[in-house]
Amino acid sequence: GNSVTQMEGPVTLSEEAFLTINCTYTATGYPSLFWYVQYPGEGLQLLLKATKADDKGSNKGFEATYRKETTSFHLEKGSVQVSDSAVYFCALRGGQAGTALIFGKGTTLSVSS
Amino acid sequence: GAGVSQSPSNKVTEKGKDVELRCDPISGHTALYWYRQRLGQGLEFLIYFQGNSAPDKSGLPSDRFSAERTGESVSTLTIQRTQQEDSAVYLCASTPGDYLHTDTQYFGPGTRLTVL
């Protein structure tokens with residue numbers, strides 16, 4: 001079945017450091033890929049998404065590219081801020097109507113000034 | 001406009017009691033999902049409603065779990081005879097429609113359930 005594997009945290013960085021959170025997936029067909037973020041005390045929010053191979057999703061300085069050849073959707077940001085501290089979830093949704101999101105276990109990012 | 005709302009935000013109950021969790025989706029959203037997030041884990045799919053179609057219950061972990069939705073409005077998730085392993089954050093999400101698998105799911109803030 002479909003599954004998502006993301007790097008375990010916590011990830012601890014200093015402000016302005018480069019961030020990579022790895023995410024790989026297993027899926028049949030052509031899933032859509034998502035990164036969701038959960039800030040402290042808040043609900044899950046969509047950060048970015050990509051719906052087909054080679055698409056790049058981007059938002060708030062974060063980027064991720066849908067790589068079908070490596071079944072990956074790694075999240076990157078060139079210069080993190082303290083306000084980026086949160087839990088990040090990689091997720092996929094299969095290519096059929098009515099399919100739920102399948103999530104990775106989440107990666108906690110902590111950025112210090 | 002208002003987002004997805006859930007109530008209560010926190011619920012503490014004793015083992016063996018029944019609980020009801022409520023979700024109000026975004027107005028006009030026809031699809032509604034329930035997920036469970038256990039401590040340190042990703043989200044697990046529980047159940048999915050789309051309009052007036054029969055719900056997809058494939059994620060419900062046991063027959064103690066059930067959910068209802070009236071039309072395209074409020075949904076209630078019921079857990080009977082709660083167990084300690086039911087302790088988790090229960091999240092609800094809605095989407096405008098489900099004919100496109102790329103639709104973004106909008107999540108509520110969740111209900112944190114603690115079973116003592």
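Chain naming here is simple, since letters A, B, ... match the order of the sequence lines and numbering starts at 1 in each.
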Need one label for [X]: side chain, backbone, both or neither, based on atoms under 4.5 Å from any heavy atom in chain A.
| X | result |
| --- | --- |
| B:Y106 | neither |
| B:Q37 | side chain |
| B:L91 | side chain |

Does [X] have more than 12 heavy atoms from other residues, nucleotides or ligands lying within 6.0 Å of its [atom1]?
| X | atom1 | value |
| --- | --- | --- |
| A:K68 | NZ | yes |
| B:E14 | CD | no |
| B:E68 | CD | no |

Interface moiety of A:L46 toward chain B, non-hydrogen atoms closer than 4.5 Å: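 Just its side chain gets close to chain B.
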
Side chain, backbone, both or neither of A:Q38 within contact of chain B (heavy atoms, under 4.5 Å):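 Only the side chain of A:Q38 comes within 4.5 Å of chain B.
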
Pairing of B:D24 and B:R22 as salt bridge, 4.0 angstrom limit: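 Salt bridge between B:D24 and B:R22, a charged N being under 4.0 Å from a carboxylate O: yes.
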
Any donor-acceptor N/O pair, B:D18 side chain to B:R81 backbone, under 3.5 Å: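 Yes, because the side chain of B:D18 sits within donor-acceptor range (under 3.5 Å) of the backbone of B:R81.
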
A:L44/A:F103 under side-chain contact (heavy atoms from CB on, under 4.5 Å): CA gap, chis, key distance, verdict: CA-CA 12 Å; A:L44 271 173; A:F103 286 84; 4.3 Å; yes

Residues from residues 107-116 of chain B approaching chain A under 4.5 Å (heavy atoms):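 At a heavy-atom separation under 4.5 Å, chain A is reached by B:F107, B:G108, B:P109.
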
Residues 82-89 of chain A side chain polar contacts: donor-acceptor under 3.5 Å, at least two apart:
from  : atom 1 : to     : atom 2 : distance (Å)
A:D84 : OD1    : A:K77  : NZ     : 3.2
A:D84 : OD2    : A:K77  : NZ     : 2.8
A:D84 : OD2    : A:Q81  : N      : 2.8
A:S85 : OG     : A:V82  : O      : 2.9
A:S85 : OG     : A:V111 : N      : 2.9
A:Y88 : OH     : A:D84  : O      : 2.5

Hydrophobic cluster identity match, B:Y35 and B:V74, side-chain contacts under 4.5 Å: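 In one cluster: no.
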
Intermediate values then yes/no, side-chain hydrogen bond (donor to acceptor under 3.5 Å, both in side chains), B:T76 and B:E20: CA-CA 6 Å; B:T76 302; B:E20 280 190 357; 5.3 Å; no

From NZ (A:K56) to OG1 (A:T65), nearest 0.5 Å: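 It is 4.5 Å, given to the nearest 0.5 Å.
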
CA sep, side-chain torsions, deciding dist, call: A:E42, A:Q45, side-chain hydrogen bond (donor to acceptor under 3.5 Å, both in side chains): CA-CA 9 Å; A:E42 298 184 15; A:Q45 306 172 24; 2.9 Å; yes

Other ILVMFWY residues reachable from B:L39 by side-chain steps of under 4.5 Å: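 Same cluster as B:L39: nobody, lone residue.
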
Contact listing (chain B partner; residues 7-17 of chain A; heavy atom under 4.5 Å):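 Within residues 7-17 of chain A, no residue comes under 4.5 Å from chain B.
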
